[in-house]
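Note that ligands are numbered from 1 as they come in the structure, with each ligand's atoms numbered from 1 the same way. The structure presented is a predicted model; accordingly, all values stated were derived computationally and were not measured.
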Amino acid sequence: MTTLRHYLQFNDCSRSEIEYLFARAQWIKDRLRQGQPHHPLQNKTLAMIFEKSSTRTRVSFETGMGQLGGNVICLSKNDIQMARGETVEDTARVLSRMVDIVMIRTYAQTMVETFAAHSRVPIINGLTNEYHPCQVLADIFTFIEHRGPITGKTVVWIGDPNNVFYTWLQAAVLLDFKVHLSTPPGYPVDDTRITAAERARLETFADPFDAVRNAALVTTDVWTSMGFEAENDQRRRDFQQWQVNTALMKQAADDAVFMHCLPAHRGEEVTDDVIDGAQSLVWDEAENRMHAQKALLEFLLVGLQKSD
Ligand code: CP
Ligand code: NVA
C-alpha cells in the first residue's frame, strides 16, 4: 500500500523524488526502446477528465498507461454529469471508488485541489490556468537527456507568463536554476502568486535580446492560452516583438536549446526556422511527455522502484 499522493503542482514532489522520476523515465524509455515489456500497473485504471482540448496530454497518458499494463477511461466535459451540475466533490467521491488514479485538465487550479481533497486516489494536474506540472517534468527530463544537469543553468522564457511559466519558476527553486523572463508591458508576473524563493530565482528584462544572453535553454508558448481567447486580438498586437526567431536565438549560448510545449502558433511566438532548426528539441520534448508521465503514474500508484 503506497501513501496517497497527488501531483497538482511541480513542487508537490521533493527534489529527490523529481530526480528519481527523471532517472526512472530514462529507464522506462530505454526499456521500451529495447522492446522489453514493463507492466507494473496491471488491473489499474486511469480516468482522465478533459475540460479543455488536448493532443499530447491525452495521447501520452493513454498510450503510456496502456504500455504499463493498465486501462484508461477518457471523459470529456460533456460526457459526464459535472456538465449538468454534479459537484466536483461528488464526482471525486464516486470516481475514486472505481478507478485507481485520475488525471484532470481544467480551468481553475482550485478545481483540481477540491477534487483531490475528496478523492481516495491520486490526482494528476494535466494543465490548469495556473500550472502545467507534467509539461515541465518532461521538459527538464528532455534538457537533461541532451545537455546534462539543469542546476546552475539559465532558462529563458519569452512572452506570456502563463501556466507553463509559473511551473518553470517552481522547478527553478526545487532544482536550483535561474529563470530570465521578457514579457511585453502590461503582462507582468503576478507577484501575489510567487514565493520569495521563486522571486529570487527570477530576473525580468524589458528587451528579449537582453534576456537570452548566455541562455542554456530558450522557451516560449502561445501568446494566448486556452481560456483567454477573448484577448486574442489584443495579445497578437502586444506580443509582436516577443517572437523567438533566428536573430534572438543567436544571442543565446552556442549550445542553447529551444523548447516549446506545443501546440505552436508558427509565425507568432516562434518562427519555422527556429522550431524546425538544429537547436529545437520540441519533438523529443513531446515524446518525453509519455516517458515522464509513465514514471509519474508508476510512482503515484506503486511507489519508488529499483531500476535494474
Ligand atoms: N503540451 C500540451 O499539453 O499539449 P496538449 O494541449 O496537446 O495536451
Ligand atoms: N499555455 C498553453 C499550454 C497548452 C499546452 C495553454 O494553457 O493553452
At under 4.0 Å between heavy atoms, which part of Q135 makes contact with ligand 1: side chain, backbone, both or neither? side chain
Any nitrogen or oxygen of H132 lying under 3.5 Å from a nitrogen or oxygen in ligand 2? Just yes or no. no
Looking at N162, which atoms of ligand 2 are within less than 4.0 Å of one of its heavy atoms? 1 (N)
min-distance protein heavy atom vs atom 2 (C) of ligand 1 -> R289 NH1, 3.3 Å
Does ligand 1 have any atom that is closer than 4.0 Å to a heavy atom of K52? no
Does only the side chain of L127 get under 4.0 Å from ligand 2, or the backbone, or both, or neither? Count heavy atoms. side chain
What part of L262 sits under 4.0 Å from ligand 1 if we count only heavy atoms: the side chain, the backbone, both or neither? backbone
Let me know which of Q241, R236, Q240, Q234 forms a side-chain hydrogen bond (donor to acceptor under 3.5 Å, both in side chains) with D238. Q234
How about D139 and T142: does a side-chain donor come under 3.5 Å of a side-chain acceptor? no
Applying the ring pair (Phe, Tyr, Trp, His ring centres under 6.0 Å) test to H180, which of F165, F205, W168 qualifies? F205
How far is atom 8 (O) of ligand 2 from its nearest protein heavy atom, and which residue and atom is that? M226 N, 2.8 Å
Does either side chain, that of N125 or that of Q109, offer a donor lying less than 3.5 Å from an acceptor on the other one? yes
Out of D160, D221, T224, N129, who is nearest to atom 2 (C) of ligand 2 when you count heavy atoms only? D221
Interfacing atoms of ligand 2 (cut-off 4.0 Å, heavy-atom, L262): 5 (C)
Do any nitrogen or oxygen atoms of P263 lie less than 3.5 angstrom from nitrogen or oxygen atoms of ligand 2? no
Closest non-hydrogen protein atom to atom 4 (O) of ligand 1, residue and atom name please, with distance? R56 NE, 2.8 Å
Ring-face cation of R24 near F299 (centre distance under 6.0 Å, axis angle within 45°): no
Between Q34 and D30, do the side chains contain a donor N or O and an acceptor N or O under 3.5 Å apart? no
Would you tell me whether Q305 and E298 have side-chain atoms, one donor and one acceptor, within less than 3.5 Å of each other? no
Any N or O on N163 sitting closer than 3.5 Å to an N or O of ligand 2? yes
Looking at ligand 1, does R58 have a heavy atom less than 4.0 Å from it? no
Examine Y187 together with F239 and report whether their ring centres are nearer than 6.0 Å. yes
What atoms of ligand 1 come closer than 4.0 angstrom to any heavy atom of R105? 2 (C), 3 (O), 5 (P), 6 (O), 8 (O)
Does the N or O separation between M226 and ligand 1 drop below 3.5 Å for any pair? no
Subset of ligand 1 atoms that lie under 4.0 Å from at least one heavy atom of H132: 2 (C), 3 (O)
Just wondering, do L175 and F22 contact through their side chains at under 4.5 Å, heavy atoms? yes
Is it true that the side chains of T183 and W242 contain a donor and an acceptor less than 3.5 Å apart? no
Is it true that E287 and H291 share a donor-acceptor pair across their side chains at a distance under 3.5 Å? yes
